[in-house]
There are 2 protein chains.
Amino acid sequence: MGQDAIDLETSLGYALKEASSGLRTAMEEVLRPLGMTITHYSCLELLSQRPGLSSSELARGAFVTRQSMHVLLQHLEREGHVARPDEARVGKVLPARLTARGHARLAQATAAVRGVEVRMTAGMTDAERADAFRLLRTMVRNLQQ
Amino acid sequence: MGQDAIDLETSLGYALKEASSGLRTAMEEVLRPLGMTITHYSCLELLSQRPGLSSSELARGAFVTRQSMHVLLQHLEREGHVARPDEARVGKVLPARLTARGHARLAQATAAVRGVEVRMTAGMTDAERADAFRLLRTMVRNLQQ
DNA sequence: GAGGCTATGTCAGAATACTGACATGGGTCA
DNA sequence: TGACCCATGTCAGTATTCTGACATAGCCTC
């Protein structure tokens, strides 16, 4: 292989995937008892913090295609957790909002997910958390170009 | 919401997911012209560095279920990129190995993926890369418990 | 105002991964 | 030795996500 290879033991990309996979698994474990998936939760959390997001914007925020988010929103609307106007006020964009039921449902999930994030950074100093955040943001910026 | 909420702007978990998603997208872009998926590539890369891994071990290394890896290995065997013995020498474990064709196929992909990893860490010092790696490993360890 | 570009919502089909289940081999421990 | 537990390989069915496609609305330029 030579030194052109990617050593899994020291690859930053592999470590990133490992961490992300671990986070995903941990989140699935705490969300499953609540009957929610990660995409499910992500959608509600996004709508809570940024009410009025469109389906496409939600898709970008949850890292799925807008087609997938479309299907999910239909479920959430049917279950009464999300509400959207029947017609677009401007263009074709349909701003979505959480209902009271949606807010209640989210509250449980947020507590559970918060616990996971706390566990993930256990033993890290504030400076280390800040470093990790800054370095990850740098990688995101680099990859977007 | 109060301060119990998870602020997407400052959440380490969200930044981790963003970075991971960006890496995945970038890898898909460079692997698509080669007709490979990420799981596909991961399997070949693992076998290259650790010849003789079983299907279940490959699954863990590529972060998918052993059932998914099983299907993928059948494809790779049919295409002549991977070879496995017909019978297990011990137990039920079937050690897999890359064929010459598999090695050739991997070489192209490795170069492409390596380019992505270089781009991801552009502008970072060696110390920063080491910090990022160490912090990610800490998070992995924390989540595994 | 017309044409081109981009973004959005939506539908349909394909690819991918997952859950559930079963039989089997190895190891442990009483 | 036999019971028990765990890991593996494998098959089948389900679920989720993605790719492809189309019509439409807004924006920009000429």
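Per chain, numbering begins at 1; letters A, B, ... match sequence-line order.
- When heavy atoms are screened at a 4.0 angstrom cut-off, A:Leu94 is found touching the sugar-phosphate backbone but no base atom.
- Here the side chain of B:Thr65 is nearest to one of C:dC18, D:dG9, C:dT10, namely C:dC18.
- Per the geometry, NE2 belonging to B:His75 stands 16 Å off P belonging to C:dA14, to the nearest Å.
- The salt bridge (charged side-chain N to carboxylate O under 4.0 Å, His left out) check on A:Arg60 picks up nothing, with sequence neighbours excluded.
- The nearest whole Å value for the distance from the CE atom in B:Met69 to the P atom in C:dT16 is 13 Å.
- Side-chain atoms of A:Glu117 and B:Ser11 form a donor-acceptor pair, as typed in the model, at a separation below 3.5 Å.
- Overall bending of the helix from C:dG1-D:dC30 to C:dA30-D:dT1, expressed as the angle between end axes built from five pairs apiece, is 40° (10° steps).
- If you measure from atom CZ of A:Arg84 to atom P of C:dG9, you get 7 Å, rounded to the nearest angstrom.
- Side-chain contact between B:Gln49 and A:Glu9 is absent, with no heavy-atom pair separated by less than 4.5 Å.
- At a threshold of 4.0 Å, the pair B:Glu29-B:Arg24 does not count as salt-bridged, since none of the basic side-chain nitrogens sits closer than that to a carboxylate oxygen.
- The side-chain heavy atoms of A:Pro51 and A:Leu98, taken from C-beta on, include no pair separated by under 4.5 Å.
- Counting distance only, with no hydrogens placed and no angle test, the side-chain atoms of A:Gln67 and the base atoms of D:dG20 include a donor-acceptor pair under 3.5 Å.
- Looking at residues 18-40 of chain B, you'll see B:Thr37, B:Thr39 sit with a heavy atom under 4.0 Å from some atom of DNA chain C.
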Check: protein-nucleotides 22-24 of chain D nitrogen or oxygen pairs below 3.5 Å:
unit_1: D:dA23; atom_1: N3; unit_2: A:Lys92; atom_2: NZ; d: 3.3

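- Residues of residues 51-60 of chain B having a heavy atom closer than 4.0 Å to DNA chain D, listed by number: B:Ser54, B:Ser55, B:Ser56, B:Arg60.
- A close approach under 4.0 Å does occur between a side-chain nitrogen or oxygen of B:Gln74 and OP1 or OP2 of D:dC11.
- No donor-acceptor pair under 3.5 Å is formed between the side chain of B:Thr121 and the backbone N or O of B:Met124.
- Residue B:Ser68 places none of its side-chain N or O atoms closer than 4.0 Å to OP1 or OP2 of C:dT16.
- The shortest distance between side-chain heavy atoms of A:Ile38 and A:Glu28 falls below 4.5 Å.
- With sequence neighbours excluded, the residues forming a side chain to side chain donor-acceptor pair (under 3.5 Å) with A:Ser54 are A:Glu57, listed by chain and number.
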Quiz item: Which is it for B:Arg137 and A:Glu18 under the salt bridge (Lys or Arg N to Asp or Glu O under 4.0 Å) test, yes or no, and what are the steps along the way?
Solution: CA-CA 8 Å; B:Arg137 295 296 313 168; A:Glu18 252 186 300; 2.5 Å; yes
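- Considering only side-chain N and O atoms, A:His70 lies nowhere under 4.0 angstrom from the phosphate OP1 or OP2 of C:dG9.
- Between the side chain of B:Thr99 and the backbone N or O of B:Gly102 there is at least one donor-acceptor pair closer than 3.5 Å.
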